[in-house]
2 protein chains.
Amino acid sequence: MSDTTTNSPSRSERYEELLDAAAECFQSRGFDATSIDTVARHLGATKGRVYHYFPSKMDLFNAVRDRGMDIVFQATDPGYQADLPVLDRLEAMARGHVRAMLFHHSFMLVLKDGLLMRRYTTTTEFQKESLSQHIARRDAYEARFRELLAKGLAEGSLRAGPDPAITVQTFMSALNGPVAWFRPRPGDTPQKYEAIVEEIVRFAMQGLRAYPS
Amino acid sequence: MSDTTTNSPSRSERYEELLDAAAECFQSRGFDATSIDTVARHLGATKGRVYHYFPSKMDLFNAVRDRGMDIVFQATDPGYQADLPVLDRLEAMARGHVRAMLFHHSFMLVLKDGLLMRRYTTTTEFQKESLSQHIARRDAYEARFRELLAKGLAEGSLRAGPDPAITVQTFMSALNGPVAWFRPRPGDTPQKYEAIVEEIVRFAMQGLRAYPS
DNA sequence: TATCCTTCATACCCAAGAGTATGTTTCCCG
DNA sequence: CGGGAAACATACTCTTGGGTATGAAGGATA
């Protein structure tokens, strides 16, 4: 107890601090406009601290992006694994996905940026590997939604156009909406968040459901 | 007829060439990663040409962004002005919006980038003015959708959650979907485009429609 | 034909920022 | 308590790219 703080933070805590700060900066200013000094200043530190944990700016960004992917996977996995009717599983996944969009907004914005393929100057071999792995994970994630939609189509409980891939994309676009228009505000209540979640999920599920025309 | 071309291009034609090239570059690499030299090289020219038409990179970007806004307004205006039931007007607007997303994909991507508020280093007074005007136009654009939704709610033909603003946002997110996942391909046919349009519009309208639960 | 003016190309300047090299402090371990 | 490694801070290098200053070529006009 040499410091004013209770105890010195562990390495992994420091790592998390850095990830959070980086997510915040990348989210608000974008990749290029965010300098390493910006991230460091966000922590009251300097470049040395950042480069002590990450070999390059690109690797830092990739770490944030990968963390974002972890989050959506974990948020939707219970729904996907659930032993329920297809339609309920899909709705649970949708709900988890939208919740992640709201509660981990910074990481989700970075995740979206990472998927929108600009800035593909993968210099290192490690980065190239990291990228292709990320693409694979994104495909696997979308495949879960496609799988459930296909099951629902087979059952007759769901409906899609001639090309179900487009339907899934549109479905997920609706779920991803908050990334574009939502900003967390100081006075936000959990109730407000849940109201947003429910409305988006309702909209998206209704777009998918089979109705007598 | 001194050249191989029929005649020397007019000033406005040159301007359009520049806008198109800039839209293409900004779309594929993003704002920061696109250098003025990149845009120039895209035209087989050098910086001199670009700076002859635009005072700065930011102004060039803004011009592309504003053009994008022009496009969506023109694409949806007939539907908005039409003398039809609210639901049909909204569907016509949606159809025009999605068509714009596909047929002017580059400009639409830049438009979305411009709305996602990064890079707000508006140095010039002119740029600050340009930005606030653009925000106003975006608000006016979204207001048209909100207006028709409100009319539909009053009629009972449409349905929304407790906060209709969220419903509109989700509706438009679905329409904007192609910005994220669509890439024009060499072999694309108009039929393919129309199929995408119809499916997205169907999905989005169904999410909005009032159904007996 | 002399002279602008337009329309660019070339050459240059300069700041910002990604890395790097090297201190410096603190903590741990023997 | 001494030595080393972790965890940074400081001070530098060097490239990239926005912007500018200037030149050059072609057309229009008098």
Side-chain angles (χ1 to χ4, degrees), chain A residues 1-19 21-22 25-26 28-64 118-127, chain B residues 1-19 21-22 25-26 28-64 118-127:
Chain A
M1 54 182 189
S2 59
D3 239 346
T4 59
T5 62
T6 59
N7 219 339
S8 73
S10 72
R11 171 159 188 115
S12 71
E13 284 170 340
R14 247 58 213 280
Y15 184 87
E16 293 300 319
E17 263 184 35
L18 263 168
L19 266 194
C25 295
F26 284 137
S28 63
R29 308 188 219 297
F31 178 78
D32 296 272
T34 298
S35 72
I36 297 290
D37 297 278
T38 305
V39 178
R41 216 176 307 120
H42 206 79
L43 292 160
T46 62
K47 310 174 73 152
R49 173 124 162 230
V50 178
Y51 278 104
H52 183 69
Y53 289 85
F54 295 93
S56 80
K57 181 182 175 181
M58 192 66 186
D59 290 287
L60 173 59
F61 181 86
N62 287 346
V64 176
R118 291 87 180 282
R119 177 184 59 275
Y120 268 8
T121 53
T122 54
T123 40
T124 318
E125 198 59 35
F126 171 78
Q127 289 172 3
Chain B
M1 57 181 187
S2 58
D3 240 347
T4 58
T5 62
T6 59
N7 220 341
S8 75
S10 71
R11 173 161 187 112
S12 71
E13 284 170 340
R14 246 61 213 275
Y15 184 87
E16 293 299 319
E17 262 182 34
L18 265 169
L19 266 193
C25 295
F26 284 136
S28 63
R29 308 193 217 305
F31 179 78
D32 296 272
T34 299
S35 71
I36 297 290
D37 297 278
T38 305
V39 178
R41 217 176 306 120
H42 206 78
L43 292 160
T46 62
K47 309 172 74 152
R49 176 125 160 227
V50 178
Y51 278 102
H52 183 68
Y53 290 85
F54 296 92
S56 82
K57 182 183 175 182
M58 192 67 184
D59 291 287
L60 173 59
F61 181 86
N62 288 345
V64 176
R118 291 89 179 284
R119 178 183 57 275
Y120 269 6
T121 53
T122 54
T123 40
T124 319
E125 198 60 35
F126 172 77
Q127 289 172 3

Nucleotide N/O of nucleotides 3-7 of chain C paired with protein N/O under 3.5 Å:
residue	atom	partner	partner atom	Å
C:dT7	OP2	B:Arg11	NH1	2.7
C:dT7	OP2	B:His52	NE2	3.4

Interatomic spacing from [atom1] in [X] to [atom2] in [Y] - rounded to 0.5 Å:
{"X": "B:Asp59", "Y": "B:Phe126", "atom1": "CG", "atom2": "CZ", "value": "5.5 Å"}
{"X": "A:Ser56", "Y": "A:Phe61", "atom1": "OG", "atom2": "CZ", "value": "12.0 Å"}
{"X": "A:Ile36", "Y": "A:Arg41", "atom1": "CD1", "atom2": "CZ", "value": "11.5 Å"}
{"X": "B:Arg14", "Y": "B:Leu43", "atom1": "CZ", "atom2": "CG", "value": "8.5 Å"}
{"X": "B:His52", "Y": "B:Thr46", "atom1": "NE2", "atom2": "OG1", "value": "12.0 Å"}
{"X": "B:Phe54", "Y": "B:Leu19", "atom1": "CZ", "atom2": "CG", "value": "4.5 Å"}

Protein-nucleotides 23-25 of chain D N/O pairs closer than 3.5 Å?
none

Q.
From CZ of A:Arg41 over to C1' of C:dG17, roughly how many Å is that when rounded to an integer?
A.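 Checked: the CZ to C1' distance equals 11 Å.
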**Q.** Interatomic distance where CZ belongs to A:Phe54 and P belongs to C:dA18 [whole Å]
**A.** 15 Å
Q. Which residue lies toward the 5' end of DNA chain D, A:Val50 or B:Gly48, if each is placed at its nearest nucleotide?
A.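 It is A:Val50 whose nearest nucleotide is closer to the 5' end.
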Q: Please name the pair of heavy atoms, one in B:Ala40 and one in B:Lys47, separated by the smallest distance, quoted to 0.1 Å.
A: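 Of all heavy-atom pairs spanning B:Ala40 and B:Lys47, the closest is CB-N, 3.8 Å.
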Q. A:Ala22 and A:Val64: which non-hydrogen atoms are nearest, and at how many Å?
A. CB-CG2, 3.8 Å
Between protein and nucleic acid, restricted to nucleotides 14-18 of chain D and to nitrogen or oxygen atoms under 3.5 Å apart, what atom pairs and distances do you find?
residue	atom	partner	partner atom	Å
D:dG18	OP1	B:Thr34	O	3.3
D:dG18	OP1	B:Lys57	NZ	2.9
D:dG18	OP2	B:Ile36	N	2.9
D:dG18	N7	B:Lys47	NZ	3.1

Q) Counting N and O atoms only, with roles assigned by atom type, does the side chain of B:Thr124 sit under 3.5 Å from a partner on the main chain of B:Gln127, one being a donor and the other an acceptor? A) no
Q) Does A:Lys57 make a cation-pi contact with A:Phe26 (under 6.0 Å, within 45 degrees of the axis)? A)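 Judged by the rule (NZ or CZ under 6.0 Å from the ring centre, within 45° of its axis), A:Lys57 is not positioned above A:Phe26.
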